[in-house]
Amino acid sequence: MKDQLRQAISTALQQCYASGVLSSGELPAEIQLEVPKNPDHGDFATNLAMTMAKAERKAPRQIAEALVAALQGNPLCEKIEIAGPGFINFRLAPNCWYGVLDQVMQAGDAYGRSQVGAGTKIQVEFVSANPTGPLHIGHGRGAAVGDAVAAVLEAAGFDVQREYYVNDAGNQVKTLGLSILLRLRELQGETIDFPEDGYQAEYIRELAAKYLDAEGDLRGLAEEEAIERCARFGVARVLEWIAADLKAFGIGFDNWYSEKSLYDRAMVDMELAKLKEKGLTFEQEGALWLRTTDYGDDKDRVLIKSDGSSTYFASDVAYHMEKFDRGFDRVIDVWGADHHGYIPRMKAMLSGLGHPPEDLEVLLIQMVNLLRDGVPFTMGKRSGNFITLREVIDEVGSDACRYFFLMRRCDSQLDFDLELAKQQSSDNPVYYVQYAHARVCSINRNAAEAGVAQPDPAQVDCSKLQLDEELALAKQLARLPEAIVGAALNYEPHRVVFYLQELAAQFHSYYNRHRVLVDDPAATQARLYLVNCVRIVFANALRILGVSAPEKM
RNA sequence: GCGCCAGUAGCUCAGAUGGAUAGAGCAACGGACUUCUAAUCCGUAGGCCGAGGGUUCGAAUCCUUCCUGGCGCGCCA
């Protein structure tokens, strides 16, 4: 709809040049069309006349008048007005909007999808929590956002892969192994001295007990071997928990990528060798450094420590280099905001290798402040005092939880009060949208019961839809594709949430004011047609957010 | 000290890449269920967009200097 109008304006512009009414001959880079806040200003407005004023050396209103004259008689437009400092306001003919309904009905589940991404290969890596304990609420936010970002990108025509990076190498895994081993010995009656930096939480005892059950005794093994076995066992079990929790949250990954496998395949050495070859590294005090300061980082960074072991950064560098080797055009990382200091060094690494730094986009998920009855919880894996994602899903429900996380832009902090979230379970915003969907389904059930058939798209008389609310609904339906594209290109899934809130508000208002099933059969058919288009849009947008669209509530 | 994010109604937040009179939800107040589900709707009230300066036809939005809150600044992960 918007594109058709844009095309018409462009043609009119060329006419003006041809006839000499306008002289600069410069076609503007882009014809901006926006939906005015005030409905009196029409369906679309453009500031074209104002942006052209300089090149034309004419007053904006003069330019606008020339354009409007050239557009007169266009069947798309019912009314064109010049307003304010030089805006051109367009009111489209109702017929245009009825066409949207046919598009929705015809496309069905696919309505809202577009090809803006043109098949660009893009990877979204998210959650990637260490496999040393269950997911907590902060991971939940990252999970909801990452999955929704992936979904809007898919809907916008990108070729998306969802990946979880498993940090199954390094010290934290050793610590896990040691923690389990010590608890295991404790279970066997030994008195142990549990280190401060071990994992204190209760699930470690659970893992120890499970180990004894499944694998038996460890006595007689060398300490290192025992720790290693416990670690491997623990990582495997914890990953099972994580996968199960994510499944309960409606999230699945295309790929689980093991950090350890990077080492097993000698990928870290290989990728570091490439960096050395390019002269991006240097040795100092027995360590190998990456010269990230050449590309905007504050300090150079250590890759291989003086004791010969590699840093977390080393495997991260190798991992990201390998992502591009795998053919992704663009790579998105979803991180907790506390890792933001890592961005410059990662981008520096890419620049050094000749990638534009924009090929890596890091989404920072701000902290979730967990409260219970307004009292903040301090979270920390080691202290063991934390609320798991699973607990929250069980208490609040997956739909409400995901919706809650997606309602805010991810770079602002989020207060999550468990008691409040539970209380809200009866008037949580998610139900507002879901209820609207359920209401359409209810209308359909009533129609079926009354023997009213679903409308045949070929025969519906949309001119029966003359109410302001009906046209407004059709206009809102027309905006779904651009809402999704906007969310995708900006990595801002919350835009889809706000789109849904608006559509739901319009629908509820319409529902309260007018009946769908009325005496006039033609009007009933047209309204059924309309509300079922609304239903399709609710379902499609909710699906993107990973929230269910119930038929009954 | 340096860097990143935020600061908009009493509270929680939008504000669609610089547009017209800054918007929702919750809370408050007043109304609407013999009618397709009241988890809904209609109405009232609520603002120095943290502060100052700048850029231009036009700024919550861009630049700059401050203020406040959060988070970072390891040969930790």
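Naming convention: chains lettered A, B, ... in sequence-line order (proteins, then strands); numbering from 1 in each chain.
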Gap in Å between the two [atom1] atoms, one belonging to [N] and one to [M], rounded:
{"N": "U61(B)", "M": "G50(B)", "atom1": "C1'", "answer": "16 Å"}
{"N": "A60(B)", "M": "U21(B)", "atom1": "C1'", "answer": "15 Å"}
{"N": "A59(B)", "M": "C49(B)", "atom1": "P", "answer": "13 Å"}
{"N": "G43(B)", "M": "A24(B)", "atom1": "P", "answer": "10 Å"}
{"N": "A27(B)", "M": "C67(B)", "atom1": "P", "answer": "38 Å"}
{"N": "A22(B)", "M": "U35(B)", "atom1": "C1'", "answer": "39 Å"}
{"N": "C11(B)", "M": "G53(B)", "atom1": "P", "answer": "26 Å"}

Could I get a table of every N or O pair under 3.5 Å where one atom is in the protein and the other is in nucleotides 34-37 of chain B?
| unit_1 | atom_1 | unit_2 | atom_2 | d |
| --- | --- | --- | --- | --- |
| U35(B) | O2' | R515(A) | NH1 | 2.6 |
| C36(B) | O4' | R515(A) | NH2 | 3.4 |
| C36(B) | O3' | N446(A) | ND2 | 3.0 |
| C36(B) | O2' | N446(A) | ND2 | 2.1 |
| C36(B) | O2 | L517(A) | N | 3.3 |
| C36(B) | N3 | V516(A) | N | 2.9 |
| C36(B) | N4 | Y511(A) | O | 3.0 |
| C36(B) | N4 | H514(A) | O | 2.4 |
| U37(B) | OP1 | S442(A) | OG | 2.0 |
| U37(B) | OP1 | N446(A) | ND2 | 2.8 |
| U37(B) | OP2 | S442(A) | OG | 3.3 |
| U37(B) | O2' | Y435(A) | OH | 2.1 |
| U37(B) | O2' | R439(A) | NE | 3.3 |
| U37(B) | N3 | M553(A) | O | 3.2 |
| U37(B) | O4 | M553(A) | N | 2.9 |

**Item:** For R527(A), salt bridge (Lys or Arg N to Asp or Glu O under 4.0 Å) partners two or more places apart
**Value:** E470(A)
**Message:** Can you list everything that forms a salt bridge (Lys or Arg N to Asp or Glu O under 4.0 Å) with K347(A)? Sequence neighbours excluded, please.
**Reply:** none
**Asked** Given G74(B), is OP1 or OP2 found less than 4.0 Å from the side-chain N or O atoms of T311(A)?
**Response** no
**Request:** May I ask you to evaluate whether S310(A) reaches the phosphate of C75(B), defined as a side-chain N or O under 4.0 Å from OP1 or OP2?
**Result:** no
Could you state the [atom1]-[atom2] distance from [X] to [N], rounded to the nearest angstrom?
{"X": "L414(A)", "N": "A14(B)", "atom1": "CG", "atom2": "P", "value": "10 Å"}
{"X": "N171(A)", "N": "C75(B)", "atom1": "CG", "atom2": "P", "value": "14 Å"}
{"X": "N130(A)", "N": "C76(B)", "atom1": "CG", "atom2": "P", "value": "16 Å"}
{"X": "K347(A)", "N": "C4(B)", "atom1": "NZ", "atom2": "C1'", "value": "13 Å"}
{"X": "N428(A)", "N": "U40(B)", "atom1": "CG", "atom2": "P", "value": "11 Å"}
{"X": "Q506(A)", "N": "G25(B)", "atom1": "CD", "atom2": "P", "value": "13 Å"}
{"X": "D307(A)", "N": "C76(B)", "atom1": "CG", "atom2": "C1'", "value": "12 Å"}
{"X": "Y403(A)", "N": "G25(B)", "atom1": "OH", "atom2": "P", "value": "13 Å"}

Heavy-atom check, side chain of [X] versus side chain of [Y], under 4.5 Å:
{"X": "Q525(A)", "Y": "Y529(A)", "result": "no"}
{"X": "L350(A)", "Y": "P357(A)", "result": "no"}
{"X": "R291(A)", "Y": "T281(A)", "result": "no"}
{"X": "L465(A)", "Y": "L101(A)", "result": "yes"}
{"X": "Y431(A)", "Y": "M553(A)", "result": "yes"}
{"X": "Y263(A)", "Y": "D269(A)", "result": "no"}

**Request:** I would like to know whether S412(A) and Q366(A) meet side chain to side chain donor-acceptor pair (under 3.5 Å); could you show each step before the answer?
**Result:** CA-CA 6 Å; S412(A) 63; Q366(A) 281 291 344; over 6 Å; no
**Listed partners of D300(A) passing side chain to side chain donor-acceptor pair (under 3.5 Å), at least two apart** = T293(A)
**Prompt:** Partners of N532(A) by side chain to side chain donor-acceptor pair (under 3.5 Å), sequence neighbours excluded?
**Reply:** N444(A), Q454(A), R535(A)
For a quick test of your reading: what N or O donor-acceptor pairs under 3.5 Å do the side chains of residues 84-91 of chain A make, sequence neighbours left out?
| unit_1 | atom_1 | unit_2 | atom_2 | d |
| --- | --- | --- | --- | --- |
| R91(A) | NH2 | P39(A) | O | 3.3 |

**Request:** Classify the side chain of S412(A) and the base of C5(B) as holding, or not holding, a donor-acceptor pair under 3.5 Å.
**Result:** no
**Request:** Hey, which sits more toward the 5' end of RNA chain B by its nearest nucleotide, M407(A) or Q501(A)?
**Result:** M407(A)
Please write out the pairs of protein N or O atoms and N or O atoms of nucleotides 71-73 of chain B separated by less than 3.5 Å, giving the distance to one decimal.
| unit_1 | atom_1 | unit_2 | atom_2 | d |
| --- | --- | --- | --- | --- |
| C73(B) | O3' | K299(A) | NZ | 3.2 |
| C73(B) | O2' | K299(A) | NZ | 3.2 |

**Item:** Strand contacts (RNA chain B) in residues 480-498 of chain A, 4.0 angstrom heavy-atom criterion
**Value:** N490(A), H494(A), R495(A), F498(A)
**Message:** Closer than 4.0 angstrom, basic N to acidic O: yes or no for E449(A) and R445(A)?
**Reply:** no
**Message:** Between K305(A) and D307(A), does any NZ, NE, NH1 or NH2 come within less than 4.0 Å of an OD or OE carboxylate oxygen?
**Reply:** no
**Asked** Just the dot-bracket of RNA chain B, please: which string comes out with Watson-Crick or G-U pairs under 3.5 Å, [ ] for crossing, | for another strand?
**Response** (((((((..((((.....[...)))).(((((.......))))).....(((((..]....))))))))))))....
**Contacts of R513(A) that satisfy side-chain contact (heavy atoms from CB on, under 4.5 Å) - sequence neighbours left out** = E469(A), S509(A)
**Complete:** Paired with V235(A), the side-chain contact (heavy atoms from CB on, under 4.5 Å) test is passed by just one of V173(A), N130(A), N167(A), namely V173(A)
**Request:** Step by step, work out the side chain to side chain donor-acceptor pair (under 3.5 Å) result for Y319(A) and E271(A).
**Result:** CA-CA 9 Å; Y319(A) 173 48; E271(A) 299 290 359; over 6 Å; no
**Prompt:** So what does E285(A) touch, heavy atoms closer than 4.0 Å: a base, only the sugar-phosphate, or nothing?
**Reply:** base
**Item:** Conformer about C1'-N of C33(B) - syn within 90° of 0, anti elsewhere
**Value:** syn
Show me, pair by pair, the donor-acceptor contacts under 3.5 angstrom made by side chains of residues 486-496 of chain A, not counting sequence neighbours?
| unit_1 | atom_1 | unit_2 | atom_2 | d |
| --- | --- | --- | --- | --- |
| N490(A) | ND2 | G486(A) | O | 2.8 |
| Y491(A) | OH | R330(A) | NH1 | 2.5 |
| E492(A) | OE1 | R495(A) | NE | 2.9 |
| E492(A) | OE1 | R495(A) | NH2 | 3.0 |

Using a cut-off of under 3.5 Å, enumerate the N/O to N/O pairs linking the protein to nucleotides 18-22 of chain B.
| unit_1 | atom_1 | unit_2 | atom_2 | d |
| --- | --- | --- | --- | --- |
| G19(B) | N7 | N47(A) | ND2 | 3.1 |
| A20(B) | OP2 | K37(A) | NZ | 2.8 |
| A20(B) | N6 | N89(A) | OD1 | 2.6 |
| A20(B) | N1 | N89(A) | OD1 | 3.3 |
| A20(B) | N1 | N89(A) | ND2 | 3.2 |

